[in-house]
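All ligand and atom numbering here is 1-based and tracks the order in the structure. Each residue takes its place number in the sequence, starting with 1.
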Amino acid sequence: MKAFASKYGNALELGHLIGGEEVFEGAPLERRNPSDHEDLIARFPEGTKDTLRKAALKAREAFLEWSRTPAPVRGQVLFNLAKILEREKPTLTRLMVREVGKTFKEAAGDVQEAIDTAIFFASEGRRLYGQTVPSEMRDKELFTFRRPLGVVGMITAGNFPIAVPSWKLIPAVLTGNAVVWKPSEDSPVLSYVFVKLFEEAGLPPGVINLVFGGGKDSTGQWLVELMDEGLFQKFAFTGSTKVGRWIGEVAGRNLIRPTLELGGKNPLVVMRDADLDLAVEGAWWSAFATGGQRCTSAGNILVDAPIYEEFKRRFLEKVEATAIGNPLLYPEVTYGPFINERLYARWLEHYRWAEEDGATLLFGRGRITRDNPYPRFHGDPEAGLFGWPTVFEARPGMRQFQEEIFGPTVNLVKVDGIEEAIEVANSTPYGLSSAIYTNHRHWAYLFKVGIRAGMTSINNTTVGAEAHLPFGGVKASGNGARESGIWVIEEYTYWHAVNEEYSGRLQLAQMDTGYI
Ligand code: UN1
């Protein structure tokens, strides 16, 4: 690592971290502050297939030792990590604001999720229970043990650059696995620092190997392809449904059960009896927090017909008051820039979908520029890519109703009654998060049991899952694997059944029981 001065602090020259060594290999890439493109943050290489092979071999080597380290000792490393993350929280928070353009409040929350995850799993190291199982035979005992799977390939997104990797890395290493991690090219510094903090906490070098690079036609794609060389026993991915399906196919032919956390088009329902102040605020935050760049962001707000006009008026008032800008200089903004150009381009495209499908634009005017000024913008809009908060009136079946956009935009959709609300809420391909605002207990119940989603809030937002509840979706939002809480342990271990024979004779199950 080399440091040199840049606009808002140092820029770093980073290498991959393989077996504890820094390796400079591959074509140069760079990361700039998305709020201000003049601020270079890092230069880093694009790992090749060979870089990845080396990393996988180092991981295999480290696995042999690490998997034999007692689980409570592995847990102790995570306890140390929690303390170190707590110590570094202000630095990581600021770095996150600069590297991916989150607000300070949200960046601190991102780091806190990792701290909570580390605390949770630190003591799981003392609770990695197996079972004792009665045998059919005399003088014989049966047991189950959790065993680590081996080397895990991981690809993560840049919108939660510490929290989401922590959901994967922490349980993977707690259960004794080793990892090759390809983080998002949008957060190289945070990823590098995160691995260094694991090592400071006592994680032996080589247990987590970091290889930088892009996704398609780059390091991410090659990492997936290496499943075909038998280098991984597990694969974990957070990203788009399209890429997730392909990873699932490659994993499937290699008999690997992947963890796939994919897209969402999360519905938020507001019923006629709802507390409207609460619902307006919750809907606004669900749609525009992180500039809509969360897999849990609300994409469609389904509003009950009798209150539709009233909700629309109050919601638009709230949206118009949204402050946007460079969060590093103006901490009061609700959201900052697009994390990258690809997300901006997709968001911009949905304005065209709206035109084609006849959706009504209620608020929003594309990219914020000097010629297209947004009244509550702070900073120089052309230093990065910033989008107007956008609200459409749309109908089910429209492209923008069906597809995840991952930017500051939301659709208002009129529904009539709870049954229609549930039907419409279920009519996208996705099933990640969901929410309903109502004080009617039976409607809340009907929604809770009728919605096809991995997560549901009653009178709260679609975003903001807690670190010890199972996170994941159904339908196109994932393959059923869960992250967070004890449930994730199933994803990183297999059950090993062991029998111990004390009789000194050949006893055979089913045949020698003497009961038949
Ligand atoms: C994501 O966007 O991939 O529930 C994860 C939330 C956050 C995590 C989002 N705790 O909104």
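- Looking only at protein heavy atoms, the nearest one to atom 5 (C) of ligand 1 is Cys295 SG, 3.7 Å.
- Of the protein's heavy atoms, Phe160 CE1, 3.6 Å lies nearest to atom 9 (C) of ligand 1.
- Shown in contact with Gly464 at under 4.0 Å from a heavy atom are these atoms of ligand 1, numbered in order with element: 4 (O), 6 (C), 11 (O).
- Summarising the local packing, CD of Gln402 is surrounded by more than 12 heavy atoms from other residues, nucleotides or ligands at distances under 6.0 Å.
- Nearest heavy atom pair, residue Trp167 against residue Val488, reads O-CG2, 4.3 Å.
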For this session: Apply side-chain contact (heavy atoms from CB on, under 4.5 Å) to the pair Glu483 and Glu261, showing each step before the final yes or no.
Result: CA-CA 9 Å; Glu483 303 198 292; Glu261 295 295 353; 3.1 Å; yes
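- Residue Trp167 has no nitrogen or oxygen atom sitting less than 3.5 Å from a nitrogen or oxygen atom of ligand 1, judged on distance alone.
- By the 6.0 Å and 45° rule, Lys234 stacks over the aromatic ring of Tyr492.
- With Asn479 contributing its side chain and Leu260 its backbone, the two residues share a donor-acceptor pair below 3.5 Å.
- Residue contacts with ligand 1: Phe406 is excluded, as none of its non-hydrogen atoms falls under 4.0 Å.
- A donor-acceptor pair under 3.5 Å is absent between the side-chain atoms of Ser187 and the main chain of Leu190, judged by distance alone.
- Contacts between Glu113 and ligand 1, counted as non-hydrogen atom pairs separated by less than 4.0 Å, involve the side chain only.
- Among all non-hydrogen protein atoms, the one lying nearest atom 4 (O) of ligand 1 is Ala465 N, 2.7 Å.
- Residue-ligand proximity, Phe471 to ligand 1, at heavy-atom distances under 4.0 Å covers atoms 4 (O), 5 (C).
- Glu88 places no side-chain N or O within donor-acceptor distance of the main-chain N or O of Ile84, the cut-off being under 3.5 Å.
- Interface of Arg294 with ligand 1, defined as ligand atoms under 4.0 Å from a residue heavy atom, comprises 2 (O), 6 (C), 7 (C), 11 (O).
- The shortest N/O to N/O separation between Asn159 and ligand 1 falls below 3.5 Å.
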